[in-house]
Structures are given as structure tokens and as C-alpha cells.
Amino acid sequence: MIVVLKPNTDAEREAQLIEWFKSFGLGVHVSEGQFQTVLGLIGDTSSVDTDLVASLDIVDTVKRVTETFKCANRKFHPEDTIIEVGDLKIGGGNFTVIAGPCSVESEEQIVGIAKAVKAAGANMLRGGAFKPRTSPYDFQGLKAEGIELLKIARQETGLPIVTEIMNASDLPLFEDVDVLQVGARNTQNFDLLKELGHLKKPILLKRGIAGTLKELLMSAEYIMASGNENVILCERGIRSYSDYLRNTLDLSAVPMLHELTHLPVVVDPSHATGLARMVPPMALAATAAGCDGLLIEVHNDPPHALCDGAQSIRPEEFAKLYGKLQAVREAVR
Ligand code: PEP
Ligand code: MN
């Protein structure tokens, strides 16, 4: 249930109403907007008399929310969530470009790519240290050492770092990481999501391999219900009928998610297509569709990349793309 308060409601009356809702055993999510305050009630609201609440003089409107996702629901939080990573703002009209290799391979590789993408305009550096590979015989990532190398690259460039966590038991290694990524294979690892909900750190949550939008939002809800509201959603393509492409990029997910949720939505055209030459056109299309940012795999030597070389663009291609992205943003503004 959501309760919209009248403008300029007295803070004491608002607090009393919140306490009253809590006496029913409900959680109350307060969203203070520029013009109105919205109280989102979480839990079983069946014993709350809607007509009684609507009749209170400080209440503007009351609505029952039928969707199962509450914290992530735009009805609970009408304004866009803006997630802060240092000075960087994600969501709410800001455009964030996250770039870097699939995996961290060496200090020279990650620092070199970090410098190149930073010079081209990127806002954050990505790089996998723990890699979820389909084959156990493939490179599994440098793990703890990879995280240390990402920190060196951050120090050299000032770019915040994003890297994937696969197991909650590794959390101590991620203490100094700026944004934790949950990969498509772990989107429904609910125990991991609950653990990440106990942090304050931003979580980049990817859509599951064949995940629906509702499933993605319910995964975000797991993190948020445990207390961490800093969730960035990522459309990375879904398994469907694609034969020549790795996945099918669902661009309509962008405006649909913006309708359903206040969380920022970024698009990953690299895993969505699996082919470097498809990345620039789909990055531009995603930008035109209104995404809040992009996650793009960039490698200095794609043919020799230890992971996802075929879908990695080179730094000079990234720089060229970055310029076009700004033109598309301008055109659709
Ligand atoms: C990645 O970002 O390198 C990755 C493994 O992505 P996904 O989980 O979307 O496959
Ligand atoms: Mn990858």
C-alpha cells in the first residue's frame, strides 16, 4: 500500500502516522520528494483500513500496490534513485559509462586499459577478478590478486572500480571495491543477494540468462529488503532464438524498467551480442532508448584476451564510440 501525504504535512503528524503503521508490524519506506512525501507500506496490509487512512486530513491518496516488488517499485519512490560512487552520480539523468576488460589479466593490461578508457571519457573501470566460466578448464580469473590490480588501476586513474562477486564468503576481499557486480548466473542466488543487502555499497545487478523483468526486480528486492537501496540494474541480453549473436538484447526493457522502478538501468551490449562489431550500434541504440549508462568490454589486444575477446572493442574504437554516444544523448534529450 502507498500513502501519499498532503504537501507541507507537519513532521510530528507524519511521524505519528508512521508509528501507527509500524504498530501493525509493517515496514514503512519514506520517500521525500520535491513536492510530496510517499509512505510505502511493506508487509501484510490486509488489516489496515484503507478508507480510514484516506479520511485522515494529512493524507492525499491511498493506493493498494499489487506488484510483489515494493522497495524497487516506482510507486513507492516516484523520483529516480541517484546512486553516488564518490563524486560520480548514477541515474536521475546522469549518464555513466563503465568500461574495461572482461577479466583482469596483469597489472600492465588493466592499468593500460584503465588509462585509455579514462582518456576517452569512461566514468568507471570494470574488470573481472572472479570469473564465472561455463567450462571449468577456462581461465577462472586472478581472484584476490585481480582485485589488488584493479585497485592499482584506480589509483593510477581515479576511476572507481566495478568487479563481480560470486560468493558471499569472498566479501572481505571486496571491502575496498566501489561497486560489486552480480553476474547473470547469480541473479537468483538469493543467499548472496541477502548478504549484499547488508552492505551500503552499490550493487550492479545483471538480468539473469533467461530472466524476466519481474524476476530481475524481485532480485533487486532481495537486496533492498535487506537494507541496501543502492542497486543498479543491468540489461545484458537474454537467451532466446538468437543464432548468430550470443544473446538477444532486450532494449524495450529500458523504458519498461524505467516505468516500473526508480532504480538506474544500464545496458551491456558486449555480453548481449558477443561480437565486437555489434557493440557500437547497440550501445548507441541503448542510449537512444534512454538507458542511464553502459557497461562495455574494452581490451587492448582482443585476439589474445583470456576471456570474451570476440566481444571486446579496442580502446580506439571505444573512444570513437564515446563521441557518438554524446551526439545521440544530445539528439534524444
Ligand atoms: C561479465 O560482465 O564479464 C559477465 C560475466 O557478465 P554476465 O554475468 O552478464 O554474463
Ligand atoms: Mn565478459
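First listed ligand is number 1; within each ligand, the first listed atom is number 1. Note that the structure is predicted; figures quoted are calculated from it, not measured.
Annotation: protein N, O or S atoms under 2.8 Å of the Mn ion (ligand 2) (waters excluded) comprise Cys102 SG, His271 NE2, Glu297 OE2, Asp308 OD2.
With sequence neighbours excluded, the residues satisfying side chain to side chain contact (heavy atoms under 4.5 Å, CB included) with Glu108 are Ser106.
Remark: ligand 1 atoms within the under-4.0 Å shell around heavy atoms of Gly183 are 8 (O). Ligand 1 places these atoms under 4.0 Å from at least one heavy atom of Glu297: 3 (O). Listed by number with element, the atoms of ligand 1 under 4.0 Å from a non-hydrogen atom of Lys131 are 1 (C), 3 (O), 5 (C). Below 4.0 Å from some heavy atom of Lys206 lie the following atoms of ligand 1, by number and element: 1 (C), 2 (O), 4 (C), 6 (O), 7 (P), 8 (O), 9 (O).
Taking only nitrogen or oxygen atoms, main chain and side chain alike, Pro132 does not reach within less than 3.5 Å of ligand 1. Between Gln181 and ligand 1, an N or O atom pair is found at a separation short of 3.5 Å.
Of all non-hydrogen atoms in Ser270 and Val279, the two that sit nearest each other are CA-CG2, 3.9 Å.
Ligand 1 has Cys102 within reach: a non-hydrogen atom of the residue lies less than 4.0 Å from it. In this structure, Glu164 counts as a contact residue of ligand 1, since one of its heavy atoms falls inside 4.0 Å of the ligand.
A donor-acceptor pair is defined here as one N or O able to donate and one able to accept, closer than 3.5 Å; such a pair exists between the side chain of Asn228 and the backbone of Leu196. Under the 3.5 Å distance criterion, the side-chain polar atoms of Asn300 are left unmatched by any main-chain donor or acceptor of Arg314. Using modelled atom types, no side-chain atom of His304 and backbone atom of Leu306 make a donor-acceptor pair closer than 3.5 Å. The backbone N or O of Val298 sits nowhere less than 3.5 Å from a side-chain atom of Ser312 that would complete a donor-acceptor pair. A side-chain donor-acceptor contact under 3.5 Å links Arg74 to the backbone of Pro78.
In summary, the side chains of Glu32 and Thr37 do present a donor paired with an acceptor at a separation below 3.5 Å, with no hydrogens or angles considered.
Atom 8 (O) of ligand 1 has as its closest protein heavy atom Ala184 N, 2.7 Å.
Within a 6.0 Å sphere centred on NZ of Lys143, heavy atoms belonging to other residues, nucleotides or ligands number more than 12. Atom NZ of Lys6 has more than 12 heavy atoms from other residues, nucleotides or ligands within 6.0 Å.
Nearest residue to atom 9 (O) of ligand 1 from Arg236, His271, Arg126 is Arg236 (criterion: closest heavy atom).
Placement of Val111 and Leu125 within a single hydrophobic cluster is found when ILVMFWY residues are connected by side-chain heavy-atom separations under 4.5 Å, directly or transitively.
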